[in-house]
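From a predicted model like this one, the values you see are computed outputs, not experimental measurements.
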Amino acid sequence: MTIPQCIVSIVFCTISLLPVTSHANTEDKHIPNICLEAQKRDNPKHRVELWTGCLEANIDEQTKGIALYNRALAFMQLDKAQAAINDYSKACQYLQTDPDVYINRGYAYLQLKKFPEAHSDFSRAIAFNPDSFEAYTNRAAVNIQTGNDTEAVYDLETALEKNPEYLPALYGLGTLFAMHENYNKRNGKRALDIAFQLMELQYDSQTLSIFAAALAELKDFPNAIKAQEEAIELAQKEGKPTKRLKDDLCSYRRGEPCH
């Protein structure tokens, strides 16, 4: 499936979730100071160095798993996805049923476009925690990239059942219904309902672009134009690219939906 720019530019920077932050708190009197110091640092390069030192110290298996997990998070901040995957895989030996490990490794696989591996990890995270709306949303991102739209909609709707106000899932579902490359798979009414829900939670350029696309699907081009013009203004204030938004505005002015 070829993903159109009107979906990629609006969805995947959001739907491809950031990894969950830190794992368990390692503050314990039996843990070496270098491990405690590692979790206090903001600089990811320094954290990698300190967590490496922690792993070389005399620590128990639980702490080793946590150290590997957190070093992997730091590697991801340094755009070293493969190094992160290596650490997450080792962490799985010690944190075998922790869904966060699989969510984060799946996210790293997603960055490398290793979609089968990412899908597998998000599914394992769901098996360990059926209420993980993050895992469902990330798995939806994989399904969209691989053309499995029905499964993507299911995952996004399930994520919203778990957390009705989860923005990445709302953005993803709204974009699918308003801007899918296959016009027959669009649903302007559902997209509009999602846009109204988004407006109550996050009034930004992405919300307004979904709102405008939904209006265009419903042939309300005058209001689609107004919404898209406001989306462009907001995007400029937010420091976001506007080319795609401007291209869609041109479509609406011609009486056409998002291409």
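No continuous path of ILVMFWY side-chain contacts below 4.5 Å connects M179 to L234, so the two sit in separate hydrophobic clusters. The cluster map of Ile, Leu, Val, Met, Phe, Trp and Tyr, joined by side-chain heavy atoms under 4.5 Å apart, puts I144 and L160 in the same cluster. L245 and L208 are assigned to two separate hydrophobic clusters, defined by single-linkage of ILVMFWY side chains at heavy-atom distances under 4.5 Å. Residues I210 and L215 do not share a hydrophobic cluster, clusters being chains of Ile/Leu/Val/Met/Phe/Trp/Tyr side chains in contact below 4.5 Å. At a threshold of 4.5 Å between side-chain heavy atoms, the hydrophobic network of Ile, Leu, Val, Met, Phe, Trp and Tyr places L50 and L55 in two separate groups.
In this structure the side chain of D121 reaches within 4.5 angstrom of the side chain of R124, judged on heavy atoms. A 4.5 Å side-chain heavy-atom check between R41 and W51 finds every atom pair outside the cut-off. Using a 4.5 Å heavy-atom threshold, the side chains of F115 and K113 count as touching. Side-chain atoms of D248 and S209, non-hydrogen and from C-beta on, never get closer than 4.5 Å to each other. Between P32 and N58 there is no side-chain heavy-atom pair separated by less than 4.5 Å. Using a 4.5 Å cut-off on side-chain heavy atoms (C-beta onward), Q62 and L95 make contact.
Closest approach of A159 and Y136 over heavy atoms only: CB-CB, 3.9 Å. Y183 and C258 make their closest contact through OH-O, 3.5 Å (heavy atoms, listed as atom of the first residue, atom of the second, distance). For Q96 against Q93, the heavy-atom pair with the smallest separation is NE2-O, 3.3 Å. Minimum interatomic distance between L173 and L156 (heavy atoms only, all atoms of both residues): N-CD1, 3.6 Å. In plain terms, the two heavy atoms of I126 and A135 that are nearest each other are CG1-CB, 3.6 Å. The shortest heavy-atom contact between A214 and A178 is N-CB, 4.0 Å.
Atoms CG and CZ, on L249 and R244 in that order, are 11.5 Å from each other to the nearest 0.5 Å. Remark: N129 CG to K162 NZ distance equals 8.5 Å, nearest 0.5 Å. Put simply, OG1 on T242 and CG on D247 are 9.5 Å apart, with the number rounded to the nearest 0.5 Å. Here Y109 contributes atom OH and K114 contributes atom NZ; the two are 6.5 Å apart, rounded to the nearest 0.5 Å. L68 CG to K90 NZ: the interatomic distance, rounded to the nearest 0.5 Å, is 7.0 Å. Between atom CD1 of residue I34 and atom CD of residue E56 there is a gap of 7.5 Å, rounded to the nearest 0.5 Å.
Judged purely by atom type and a 3.5 angstrom limit, T175 uses its side chain to pair as donor or acceptor with the backbone of Y171. Within the 3.5 Å criterion, the main-chain N or O of H119 finds a donor-acceptor partner in the side chain of S123. Here the side chain of N70 pairs a donor or acceptor atom with the backbone of I66 at under 3.5 angstrom.
The environment of CD in E256 is crowded: more than 12 heavy-atom neighbours from other residues, nucleotides or ligands sit within 6.0 Å. Within 6.0 Å of CG on N182 lie more than 12 heavy atoms contributed by other residues, nucleotides or ligands.
Cluster partners of L78, by chain and number: V48, F75. The rule joins Ile, Leu, Val, Met, Phe, Trp and Tyr whenever side-chain heavy atoms lie under 4.5 Å apart.
If you check the side chains of N138 and E134, you find no donor sitting under 3.5 Å from an acceptor. Side-chain contact of N104 with Y69: a donor-acceptor pair under 3.5 Å is present, judged by distance alone. Between N143 and D155, the side chains place a donor N or O and an acceptor N or O closer than 3.5 Å (distance only, hydrogens not considered). With hydrogens and angles left out, the side-chain atoms of E230 and Y203 include a donor and acceptor closer than 3.5 Å.
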Requested in this report: Could you walk me through whether Y102 and F128 pass the ring pair (Phe, Tyr, Trp, His ring centres under 6.0 Å) test, one step at a time?
Outcome: CA-CA 10 Å; Y102 297 101; F128 290 128; 5.5 Å; yes
Query raised in the report: Going through the checks in order, is the side chain to side chain donor-acceptor pair (under 3.5 Å) test met by Q82 and N86?
Result: CA-CA 6 Å; Q82 187 58 57; N86 294 341; 3.2 Å; yes
Requested in this report: Step by step, work out the side chain to side chain contact (heavy atoms under 4.5 Å, CB included) result for Y107 and M76.
Outcome: CA-CA 9 Å; Y107 175 75; M76 284 302 294; 3.5 Å; yes
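Residue pairs that meet the disulfide (SG to SG under 2.5 Å) test with at least one member in residues 190-256, sequence neighbours left out, do not exist here. Sorted by first and then second residue, the salt bridge (charged side-chain N to carboxylate O under 4.0 Å, His left out) pairs involving residues 57-83 (not counting sequence neighbours) are R71-D87. Applying the side chain to side chain donor-acceptor pair (under 3.5 Å) test to residues at least two apart or on different chains, the pairs with a partner in residues 214-229 are R186-E217, D220-N223, E229-R253. Counting only residues at least two apart or on different chains, the disulfide (SG to SG under 2.5 Å) pairs with a member in residues 52-95 are C35-C54. Applying the ring pair (Phe, Tyr, Trp, His ring centres under 6.0 Å) test to residues at least two apart or on different chains, the pairs with a partner in residues 209-238 are F196-F211.
Among residues two or more places apart in sequence or in another chain, the side-chain hydrogen bond (donor to acceptor under 3.5 Å, both in side chains) test is passed with N43 by none. For E151, there are no salt bridge (charged side-chain N to carboxylate O under 4.0 Å, His left out) partners two or more places apart in sequence or in a different chain. With sequence neighbours excluded, the residues that form a side-chain hydrogen bond (donor to acceptor under 3.5 Å, both in side chains) with S89 are R105. Scored by the side-chain hydrogen bond (donor to acceptor under 3.5 Å, both in side chains) test, Q77 finds R47 as partners (sequence neighbours excluded). Scored by the salt bridge (charged side-chain N to carboxylate O under 4.0 Å, His left out) test, K45 finds no partners at all (sequence neighbours excluded). Taking the side-chain hydrogen bond (donor to acceptor under 3.5 Å, both in side chains) definition, one finds that S205 meets it with E238, sequence neighbours left out.
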